[in-house]
Amino acid sequence: MTECVTAFLDGREIAAGERDALTRALVGRHDEAQLSAVRAFDDRTGRPIDLDYRGVVPPAARGAGRPRLGVQAREVTLLPRHWDWLARQPGGASAALRRLVDEARSRPAGARERQDAAYHFMQSLCGDMPGYEEALRALYRSNREDFDAIVAGWPADVVRYVAKLLGPA
């Protein structure tokens, strides 16, 4: 699954899309000073992310896995019954884990996950905006009407992105 992000500069949405393409586009349109002020957010979690504008990916340490496919070997700690179940799955443990992760990532986010995504974004970008704390209280009370009224004076792109993270009212 491709990581989609949205970038903001001075409270305005300036780009959205797949992470690598977005990064290339930003480098082509903005100078170094502007790039240092760009704030980018994961569209799924609302968490801030760092963009590598240099376009240079440090070489990964060679080890197990299939580097050309982006596969990295890491440690997973499971109980024996988990390993037994994984061993019985088609394609082995790694294939089963990849399928489980992809399935979980493709499910629509629940209400709490959407609230948390909005919170992470707001915490990073909106802390100085008027009504920030009241907006958070309304967010976690699931009072969308009050929430929308509180954030109505915020920059339009910020309000639109929070609404996108929250989903339909």
Side-chain angles (χ1 to χ4, degrees), residues 1-9 13-30 35 38-126 136 138-144 147-148 157-169:
M1 182 177 281
T2 304
E3 182 181 25
C4 290
V5 299
T6 301
F8 288 83
L9 179 63
E13 181 179 319
I14 57 170
E18 186 271 325
R19 184 179 189 154
D20 292 337
L22 177 132
T23 303
R24 286 190 301 274
L26 290 175
V27 168
R29 288 187 289 193
H30 299 283
L35 290 175
V38 169
R39 306 288 303 276
F41 299 89
D42 182 306
D43 287 347
R44 186 170 173 86
T45 66
R47 291 182 184 273
I49 60 168
D50 292 327
L51 299 175
D52 182 5
Y53 299 115
R54 299 168 298 162
V56 177
V57 178
R62 297 294 263 173
R66 296 183 177 141
R68 286 187 181 191
L69 299 176
V71 176
Q72 298 177 352
R74 294 190 182 172
E75 183 177 329
V76 175
T77 306
L78 300 172
L79 296 171
R81 67 178 182 268
H82 300 133
W83 286 114
D84 292 342
W85 182 85
L86 284 169
R88 293 189 306 270
Q89 302 308 304
S94 292
L97 287 170
R98 285 191 296 271
R99 281 192 304 272
L100 289 169
V101 169
D102 287 342
E103 179 184 314
R105 290 184 66 188
S106 67
R107 275 188 232 125
R112 180 59 187 228
E113 290 168 317
R114 291 190 306 269
Q115 282 178 327
D116 288 346
Y119 164 76
H120 292 302
F121 170 73
M122 290 169 58
Q123 180 187 36
S124 181
L125 195 69
C126 307
L136 287 180
L139 173 70
Y140 281 106
R141 281 193 318 265
S142 297
N143 187 334
R144 187 70 179 263
F147 178 82
D148 289 342
D157 287 344
V158 170
V159 173
R160 193 171 23 260
Y161 189 68
V162 170
K164 175 182 171 182
L165 292 171
L166 287 173

Give, for atom [atom1] of [X] and atom [atom2] of [Y], the distance between the pair rounded to the nearest 0.5 Å.
X      : Y      : atom1 : atom2 : answer
Tyr119 : Leu139 : OH    : CG    : 10.0 Å
Ile49  : Thr6   : CD1   : OG1   : 9.0 Å
Thr45  : Arg114 : OG1   : CZ    : 14.5 Å
Leu78  : Leu86  : CG    : CG    : 6.0 Å

No-hydrogen, no-angle side-chain donor-acceptor test under 3.5 Å, Ser142 and Gln115: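 Yes, side-chain donor-acceptor contact under 3.5 Å.
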
Which atom names give the shortest non-hydrogen contact between [X] and [Y], and what distance separates them?
X      : Y      : result
Gly46  : Phe41  : O-CD2, 3.5 Å
Ala15  : Leu26  : CB-CD2, 4.0 Å
Leu165 : Ala118 : CD1-CA, 4.0 Å
Asp157 : Glu13  : OD2-N, 2.8 Å
Met122 : Leu136 : CE-CD2, 3.6 Å
Ala117 : Arg44  : CB-O, 3.8 Å

Does [X] reach the side chain of [Y], with side-chain heavy atoms less than 4.5 Å apart?
X      : Y      : value
Asp43  : Lys164 : yes
Pro48  : Gln123 : no
Phe121 : Val158 : yes
Ile14  : His30  : yes
Leu166 : Phe147 : yes

Side-chain ion pair, Arg88 and Asp84, N-O less than 4.0 Å: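 So Arg88 does not pair with Asp84 through a salt bridge.
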
Side chain Arg39, main chain Leu9, donor-acceptor under 3.5 Å: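 Between the backbone of Leu9 and the side chain of Arg39 there is no qualifying donor-acceptor contact (under 3.5 Å).
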
Pairs involving residues 16-27, ordered by first then second residue, that meet side-chain hydrogen bond (donor to acceptor under 3.5 Å, both in side chains) (sequence neighbours left out):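 Passing the test, one end in residues 16-27: Glu3-Arg19.
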
